[in-house]
2 protein chains.
Amino acid sequence: MKYQKIPEATIRRLSRYSRCLEEMDEKGEKVVSSAQLANKCIVNPAQVRKDLAYFGEFGIRGVGYYVKDLLNNIKKILGSDKEWRMALVGVGNLGSSLLAYKDFLKQNYTIVAAFDIDPPKVIGRVSEKLGKPVEVFHINRIKDVVKERKIEIGLITTPPSEAQGVADLLVEAEVRGILNFAPAQITVPEGFVVKDVFFTTILDNLAYLLSN
Amino acid sequence: MKYQKIPEATIRRLSRYSRCLEEMDEKGEKVVSSAQLANKCIVNPAQVRKDLAYFGEFGIRGVGYYVKDLLNNIKKILGSDKEWRMALVGVGNLGSSLLAYKDFLKQNYTIVAAFDIDPPKVIGRVSEKLGKPVEVFHINRIKDVVKERKIEIGLITTPPSEAQGVADLLVEAEVRGILNFAPAQITVPEGFVVKDVFFTTILDNLAYLLSN
DNA sequence: TCAATTTTGTGACTCCTTTCACAAATTTTG
DNA sequence: CAAAATTTGTGAAAGGAGTCACAAAATTGA
Ligand SMILES: NC(=O)c1ccc[n+]([C@@H]2O[C@H](COP(=O)([O-])OP(=O)(O)OC[C@H]3O[C@@H](n4cnc5c(N)ncnc54)[C@H](O)[C@@H]3O)[C@@H](O)[C@H]2O)c1
Ligand SMILES: NC(=O)c1ccc[n+]([C@@H]2O[C@H](COP(=O)([O-])OP(=O)(O)OC[C@H]3O[C@@H](n4cnc5c(N)ncnc54)[C@H](O)[C@@H]3O)[C@@H](O)[C@H]2O)c1
């Protein structure tokens, strides 16, 4: 297998396979064929095999894939085998809900600090709903805390007008990955990555499909 | 311009153009070229023109596009010129945050009813933070209320184990569009549409990009 | 042991999307 | 008014991504 550029869609599907394999593993299923996995994930079986083939040969001809083994391999590929430490900026509506999101606990993504600019939200506040509470700091402490807590991903849940400013702070603090929930186009230097979660874009998409 | 199948990516970009044009309009900008719009949206100028050309000729050669006019046209294409009435199912963490999301008020998407299965969340409850409060009903009333309030889109914010069941109820109530936040693969009959918002998929994506 | 069966991995093909490049339309300038 | 400048709309080319089809590898069963 020689090197090729890997399509972004492949990565998205790997994440899907990962979720399905986890379910299968929980059910105690040992082996899965590309056809079964494809069926569960609603894709083409050849697509499953091709996606996996970008990264190696994980299956056994005539048999299929060992669920646990394939799951581990996919996690290693995605980098979701390691613990990712995240910071949340903007402890408002959405931010609070993310802080209280219990499933993060079960997964390899953890919010280890939160930031806000509004003193009432900051002073002594921790998110109580979690087993392990999350401290809320004033935004002006972001650089220190990021360094101290080895934060690698930032979640932006401030109003859109603040998003670029917050992104700049995260970049300055060398947080290389940003997940942006504010509906604003933000730009970061080479070497940094932003992924957007735009509810409205998805709703517009739905609206289009329903209208046509 | 003859009919062609329109790429999904084109629809996503139209939504992006729409957001940018709205900003420009607010700033009072009257005219925009494909190059300027492309620059703002970080795409290729030819892409902008081609995307628009699927639907008609909206520009003037040598001039560009009238901001207001183009914005209206894009909204008409997306179906985001009309009011969309939505129901939210699952008034937990995330659900409450969506109910309190003020920007929905400014936009053409409105949550007009919410549902839950947990009586304490239902009885007499309304979401107070909004100017116009949202009533929370017991899930067993969904069919009536959907009909009565002419609901066209459903938001699923229940635990993943309940997502398919809720989707089935929405389908039965003839809600043709579903926005699913629960990390579970749900299926609906022909003629219905599901869009997923999987936080973990996006985080996996970030993790992959940061690891490689 | 060997034929039949299963299922992977992958080259070739098809289909779809993006980018390029330029004629056509319009405005601006001299 | 004509030439220069601008910018759209679009056919053609290039580039990616998805599907097909089959050889290769492994298992099963007689
Ligand atoms: N609430 C939702 O369900 C929802 C849904 C989709 C998108 N969004 C988007 O998510 C973002 C947050 O939405 P929300 O409803 O939680 O808003 P919110 O107003 O409740 O919260 C915003 C928070 O950001 C803080 N903040 C403002 N400027 C800051 C800065 N410079 N540094 C640090 N913190 C700062 C505010 O103090 C506040 O606590 C918005 O951009 C919104 O458009 C929200
Ligand atoms: N909280 C977040 O920030 C977040 C982030 C990403 C994804 N999600 C996903 O969104 C979903 C909701 O998360 P949450 O944190 O709000 O959970 P939650 O437990 O706080 O809320 C779930 C709500 O659904 C209700 N419910 C359960 N079964 C129901 C049914 N059959 N019909 C109607 N209502 C029902 C419950 O009573 C509860 O109020 C989950 O699937 C979660 O994985 C949440």
Side-chain angles (χ1 to χ4, degrees), chain A residues 1-17 20-21 24 29-71 73-74 77 201 205 208-209, chain B residues 1-17 20-21 24 29-71 73-74 77 201 205 208-209:
Chain A
M1 185 213 49
K2 13 180 187 0
Y3 178 77
Q4 288 179 261
K5 201 197 159 297
I6 286 123
E8 165 133 1
T10 289
I11 301 301
R12 270 199 300 276
R13 281 190 299 268
L14 285 180
S15 175
R16 206 133 133 229
Y17 305 154
C20 289
L21 288 167
M24 289 174 177
E29 291 167 37
K30 297 293 178 219
V31 178
V32 67
S33 69
S34 60
Q36 293 170 313
L37 187 55
N39 188 48
K40 186 144 185 180
C41 296
I42 317 174
V43 294
N44 181 299
Q47 183 80 78
V48 171
R49 298 198 295 275
K50 184 139 271 192
D51 283 338
L52 296 174
Y54 282 114
F55 302 98
E57 305 197 1
F58 304 117
I60 300 163
R61 295 175 189 213
V63 179
Y65 303 85
Y66 290 113
V67 172
K68 264 204 162 65
D69 180 54
L70 183 58
L71 182 56
N73 274 302
I74 290 179
I77 294 162
T201 299
N205 229 285
Y208 172 77
L209 292 169
Chain B
M1 184 213 48
K2 15 181 183 5
Y3 179 78
Q4 289 179 261
K5 202 197 157 295
I6 284 123
E8 165 132 1
T10 289
I11 301 303
R12 269 200 300 277
R13 281 190 299 269
L14 285 180
S15 175
R16 205 132 135 232
Y17 304 155
C20 289
L21 288 166
M24 289 174 179
E29 290 167 38
K30 297 291 177 222
V31 178
V32 67
S33 70
S34 60
Q36 293 170 314
L37 187 54
N39 188 49
K40 186 143 185 180
C41 296
I42 317 175
V43 294
N44 182 299
Q47 184 80 78
V48 171
R49 298 198 296 275
K50 185 136 270 191
D51 284 338
L52 295 174
Y54 283 114
F55 302 97
E57 304 197 2
F58 303 118
I60 300 162
R61 296 176 188 211
V63 179
Y65 302 85
Y66 289 113
V67 173
K68 263 204 163 65
D69 179 53
L70 183 58
L71 182 56
N73 274 302
I74 290 180
I77 293 162
T201 299
N205 229 285
Y208 172 77
L209 293 169

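Lettering of chains follows the sequences in order, A, B, ..., and the numbering in each one begins at 1. If you're wondering where the values come from, they're calculated on a predicted model, not measured in any experiment.
Atoms CD (B/Glu8) and P (D/dA17) sit 16 Å apart, rounded to a whole Å. In this structure, B/Gln47 places its CD atom 16 Å from C1' of C/dA21, rounding to the nearest Å. Atom NZ of A/Lys5 is separated from atom P of D/dG16 by 8 Å (rounded to the nearest Å). The CD1-P distance, from A/Ile60 to D/dA25, rounds to 14 Å in whole Å. The nearest whole Å value for the distance from the CG atom in B/Leu70 to the C1' atom in D/dT8 is 12 Å. For the pair A/Arg49 CZ and D/dA23 C1', the interatomic distance rounds to 13 Å; values are reported in whole Å. In this structure, OH of B/Tyr54 is placed 17 Å from C1' of D/dT8, rounded to the nearest angstrom. Rounded to an integer number of Å, the gap from A/Arg61 CZ to D/dT27 P is 13 Å.
Remark: the A/Lys50 side chain and the D/dT19 base include a donor-acceptor N/O pair separated by less than 3.5 Å.
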Task: side chain to side chain donor-acceptor pair (under 3.5 Å) assessment of B/Asn73 paired with B/Tyr65 - done: CA-CA 11 Å; B/Asn73 274 302; B/Tyr65 302 85; over 6 Å; no

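The shortest distance between the side-chain N/O atoms of A/Ser33 and the OP1/OP2 oxygens of C/dT7 is not below 4.0 Å. Between B/Tyr65 and D/dG9 there is a side-chain N or O to OP1 or OP2 distance below 4.0 Å. Remark: A/Arg13 is not in phosphate contact with D/dA17, judged by side-chain N or O atoms under 4.0 Å from OP1 or OP2.
Between A/Asn44 and A/Val63, the residue anchored closer to the 5' end of DNA chain D is A/Asn44, taking for each the nucleotide with the nearest heavy atom.
Nearest heavy-atom pair, B/Asn44 versus B/Ala38, reported as atom, atom and distance to 0.1 Å: C-CB, 3.9 Å.
Using a 4.0 Å heavy-atom criterion, one finds that B/Ser34 contacts the sugar-phosphate atoms exclusively. At a threshold of 4.0 angstrom between heavy atoms, the contacts of B/Ala9 are confined to the sugar-phosphate backbone, with no base atom among them.
Note that CG of A/Leu21 and CG of A/Leu14 are 10.0 Å apart. Values are rounded to the nearest 0.5 Å.
For the pair A/Asn39 (side chain) and A/Ala35 (backbone), a donor-acceptor distance under 3.5 Å is absent.
The nucleotide D/dG18 finds its pairing partner in C/dC13, both defining distances of the Watson-Crick or G-U wobble pair being shorter than 3.5 Å.
Inter-residue side-chain proximity for B/Leu37 and B/Leu70 is flagged as met; some heavy-atom pair is nearer than 4.5 Å.
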